[in-house]
Amino acid sequence: MDLPAYWLPRPPFSPDDKTLADFASLLADAVAQGPGKPIPYALAAPKWQFLCYVAEQAGYVLHGSNNPSVERFEPRRSYDSDDFGNRTAVYAASDGIWPMFYAILKRDHPLSMMNSCRDLSGEPYYYFSISRPVLDLDPWQEGTVYLLSAEGFEHEPPTRGVRQRQVAKLAPARPVAKIRVTPAEFPFLNDVRGHDDAMVQARSAADPDGFPWLEPSP
């Protein structure tokens, strides 16, 4: 399948047996320690690889936040264009990179976001865009990714055969561990796009299925 260039493929991710064993040991220690303190990450593998392991091989989902001290996530209304995301729920991801974006993006200024993590051609692909005036302000900070048990979370149903890695739970959820992440550790920091809010609003109203509603080429 030929994909549009705006879809970002995940960087190569093929940890060897030792790295996987290190991930498993670190995760077991983190869950035993609990969410009171961040996971002390000192492995050679990039932090996003550990988070992908946690989300794909260990039975957890992930939620990124600016708040470093969340003890319990309460369901909140998320106004989204599709039925799955337009509910009062705790939202998380079955992916390790996507929640890092939410963790490191500062919310000091009003902004709109368009982002996605979808399985395309059998692999995860990403798209990240925020309001262009805010992107110009370099709106990044250290943030926290929380590990939540996947129990009780439901996956967003595929749309036209495409699976998005969003999950939701209609009840509160408590983190079992957390890890700090920095902008430099987010592998797509330099690939975040800026968009014109009015243009996106107009194009999405005219074509609700036209994500990501890119500006026409000059």
Side-chain angles (χ1 to χ4, degrees), residues 1-11 61-67 73-141 143 145 154-170 183 186-218:
M1 178 189 298
D2 292 328
L3 299 173
Y6 56 75
W7 283 113
L8 304 168
R10 178 188 284 178
V61 295
L62 305 176
H63 181 102
S65 174
N66 290 167
N67 186 346
F73 289 99
E74 299 290 342
R76 293 184 179 180
R77 181 67 184 274
S78 177
Y79 296 91
D80 200 75
S81 58
D82 62 69
D83 292 338
F84 184 86
N86 192 29
R87 300 180 297 171
T88 300
V90 177
Y91 290 93
S94 58
D95 178 80
I97 294 177
W98 196 9
M100 296 177 74
F101 173 73
Y102 285 90
I104 65 170
L105 176 61
K106 286 194 288 191
R107 313 296 174 85
D108 294 348
H109 302 275
L111 63 93
S112 67
M113 295 183 290
M114 293 192 300
N115 56 93
S116 180
C117 174
R118 302 182 181 185
D119 287 333
L120 303 171
S121 297
E123 298 291 340
Y125 280 77
Y126 305 84
Y127 182 87
F128 302 101
S129 184
I130 63 175
S131 305
R132 184 174 294 111
V134 178
L135 180 62
D136 292 341
L137 297 175
D138 193 32
W140 311 112
Q141 67 173 47
V145 173
E154 57 180 304
H155 279 272
E156 180 172 353
T159 301
R160 293 185 291 277
V162 176
R163 174 178 174 250
Q164 176 134 301
R165 295 195 174 195
Q166 180 174 226
V167 297
K169 184 177 183 178
L170 303 182
F186 178 56
F188 295 118
L189 186 66
N190 295 324
D191 299 299
V192 178
R193 292 172 174 259
H195 60 254
D196 179 274
D197 290 350
M199 183 277 298
V200 167
Q201 185 175 5
R203 289 176 67 85
S204 62
D207 181 13
D209 295 327
F211 180 92
W213 306 290
L214 297 178
E215 296 181 30
S217 300

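- With ring centers used as reference points, F211 lies under 6.0 Å from Y127.
- Inter-residue side-chain proximity for Y126 and D191 is flagged as unmet; no heavy-atom pair is nearer than 4.5 Å.
- In this structure, OG on S131 lies 11.5 Å from NE2 on H109, to the nearest 0.5 angstrom.
- By the 4.5 Å heavy-atom criterion applied to side chains, W7 and P4 are counted as neighbours.
- Using a 4.5 Å heavy-atom threshold, the side chains of Y125 and V162 count as separate.
- Residues P183 and L189 come closest through the heavy atom pair O-CD2, 3.6 Å.
- Residue I97 comes nearest to P11 through the heavy atom pair CD1-CD, 4.2 Å, listed as atom of the first residue, atom of the second, then distance.
- Side-chain N or O atoms of S94 include none that pairs as donor or acceptor with a backbone N or O of V61 at under 3.5 Å.
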Step by step, work out the side-chain contact (heavy atoms from CB on, under 4.5 Å) result for W98 and Q164. CA-CA 11 Å; W98 196 9; Q164 176 134 301; 3.8 Å; yes
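- Applying the 6.0 Å contact sphere to CD of Q201 captures no more than 12 heavy atoms from other residues, nucleotides or ligands.
- By the 4.5 Å heavy-atom criterion applied to side chains, D108 and P139 are not counted as neighbours.
- For the pair L105/L111, a side-chain contact is recorded, criterion being any heavy-atom separation below 4.5 Å from C-beta on.
- The minimum heavy-atom distance linking P99 with L62 is given by the pair CG-CB, 3.6 Å.
- The nearest pair of heavy atoms linking R132 to D196 is NH1-N, 3.8 Å.
- Between L135 and W140, some side-chain heavy-atom pair lies under the 4.5 Å cut-off.
- Y91 places none of its side-chain heavy atoms less than 4.5 Å from the side chain of Y102.
- For residues 89-105, every residue pair satisfying the salt bridge (charged side-chain N to carboxylate O under 4.0 Å, His left out) rule, not counting sequence neighbours, is listed here: R10-D95, D95-R165.
- Of all heavy-atom pairs spanning A103 and V145, the tightest one is CB-CG2, 4.1 Å.
- Separating the CD1 atom in I130 from the NE2 atom in H195 is a distance of 8.0 Å, to the nearest 0.5 Å.
- Here the CZ-CD distance, from R118 to E156, works out to 8.5 Å after rounding to the nearest 0.5 Å.
- Remark: the backbone N or O of N67 is paired with a side-chain donor or acceptor of S65 at under 3.5 angstrom.
- Annotation: side chain of P187 is not in contact with side chain of L8 (no heavy-atom distance under 4.5 Å).
- Between the CG atom in N115 and the CZ atom in R193 there is a gap of 13.5 Å [rounded to 0.5 Å].
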